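Before any comments, here is the structure.
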Amino acid sequence: MSTGAENDTGQPLVQHLTELRDRLLRCILAVLVFAVALMAFANDIYAFVAQPLTRYLPDGSSMIATEVASTFLTPFKLVIVVSVCLAMPVVLQQIWGFVAPGMYRHEKRIALPLLVSSIILFYAGLAFAYYAVFPLVFGFFSSVVPEGVAYTPDITRFLDTALKLFMAFGIAFEIPIATVLLIWSGAVERESLKQKRPFVIVGCFVVAMLLTPPDIFSQCLLAVPMWLLFEAGIFFSQFLGKREDSADDDTAEDKS
């Protein structure tokens with residue numbers, strides 16, 4: 001009897017762990033496929049990412065590599081990051097396939113659009129960083145070089161700065177999703193968030209100060225969109241009912 005009870009309770013756990021393993025392997029495989037496909041273009045990808053900086057370098061100046069293996073490892077690191085970003089739709093599909101069977105109908109109606117919106121907003125944050133922030137930030141750094149100083153940025157240090165900005169803006173553009181989830185789940189009231197708007201604005205500038213290089217341009221370019229995205233989250237949350245209300249609707253549908 002005890003053996004049968006253990007099998008009844010243990011088998012579902014084993015099945016869930018097996019499914020989780022399989023889905024993680026699919027995610028890793030997707031990243032590896034993109035990485036192998038992009039490896040031959042590693043230097044071209046790096047040149048594309050570095051273009052907002054190289055266009056502002058003084059005549060006769062270029063980027064440098066101060067470490068022996070950085071000419072290979074730096075583009076390789078960038079390829080891995082790009083592969084993870086490109087594989088995000090596959091990763092989200094695997095996440096959805098794993099969690100969806102255990103969700104209620106009203107949760108699925110909210111979760112799937114939020115998942116899709118989150119990846120779109122993440123890509124939008126990366127694009128905003130590259131096309132709007134990079135030219136201003138790196139143009140500013142190139143314009144304030146003291147006389148007699150050769151401005152030759154290191155390729156590894158540049159990539160670290162670029163990835164930091166990419167992640168900062170990619171995550172910042174998820175603010176509407178987080179705001180909607182907080183209001184929908186009932187963790188925070190919509191009117192309460194409106195009243196805390198001044199604190200949110202200050203918090204945006206503090207976070208921007210911590211995540212961006214020490215210049216006012218990149219800090220404002222992160223803080224202002226964060227605040228506007230917070231306002232967008234509050235605006236769109238009014239079109240969603242609270243989680244409890246949606247659950248009551250599902251219960252009524254099931255009874256009918």
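Because the structure is predicted, anything quoted here is derived from the model rather than measured. We use all heavy atoms of the structure for the numbers below, so side chains are in, but hydrogens, waters and symmetry mates are not.
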Query - Member of F166, F128, F230 meeting the ring pair (Phe, Tyr, Trp, His ring centres under 6.0 Å) criterion with F173 - result: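 Exactly one option meets the ring pair (Phe, Tyr, Trp, His ring centres under 6.0 Å) with F173, and it is F128.
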Between [Y] and [X], is there a side-chain heavy-atom distance shorter than 4.5 Å?
| X | Y | answer |
| --- | --- | --- |
| Y130 | Q51 | yes |
| L53 | S142 | yes |
| L115 | I119 | no |
| F205 | C220 | yes |
| T156 | T66 | no |
| R26 | V90 | no |
| V14 | T18 | yes |
| L92 | S118 | yes |

Distance in Å, [X] [atom1] paired with [Y] [atom2], rounded so as to fall on 0.5 Å steps:
| X | Y | atom1 | atom2 | value |
| --- | --- | --- | --- | --- |
| Q219 | C204 | CD | SG | 13.0 Å |
| F236 | I177 | CZ | CD1 | 10.0 Å |
| I45 | S83 | CD1 | OG | 7.5 Å |
| L73 | E67 | CG | CD | 8.5 Å |
| I175 | E231 | CD1 | CD | 11.0 Å |
| F41 | L38 | CZ | CG | 8.0 Å |

Is there a path of hydrophobic side-chain contacts, each under 4.5 Å between heavy atoms, that joins [X] and [Y]?
| X | Y | result |
| --- | --- | --- |
| M167 | M209 | no |
| F140 | V145 | yes |
| I80 | L24 | yes |
| Y151 | V144 | yes |
| L210 | F199 | no |

Query - F122 backbone acceptor or donor facing E174 side chain under 3.5 Å - result: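 Confirmed, E174 side chain pairs with F122 backbone.
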Do you know which two heavy atoms are closest between [X] and [Y], and how far apart they sit?
| X | Y | answer |
| --- | --- | --- |
| R190 | F235 | NH2-CA, 4.3 Å |
| V180 | G233 | CG2-O, 3.6 Å |
| A132 | L221 | O-CD1, 4.3 Å |
| K194 | I234 | CE-CG2, 4.0 Å |
| P75 | S70 | CD-O, 3.6 Å |
| G97 | P101 | O-CD, 3.4 Å |

**Report entry** Steps toward side-chain contact (heavy atoms from CB on, under 4.5 Å) verdict (V82, F34)
**Finding:** CA-CA 8 Å; V82 172; F34 279 112; over 6 Å; no
Requested in this report: Anything under 30° is parallel, anything over 60° is perpendicular, the rest tilted; go ahead and classify F158 against Y46.
Outcome: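 Taking Y46 first and then F158, their aromatic rings stand perpendicular (interplane angle over 60°).
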**Report entry** Check: F134 ring centroid to Y56 ring centroid under 6.0 Å
**Finding:**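 Between F134 and Y56, the centre distance exceeds or equals 6.0 Å.
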Query raised in the report: CZ of R157: more than 12 outside heavy atoms within 6.0 angstrom?
Result: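 Incorrect, the count does not exceed 12.
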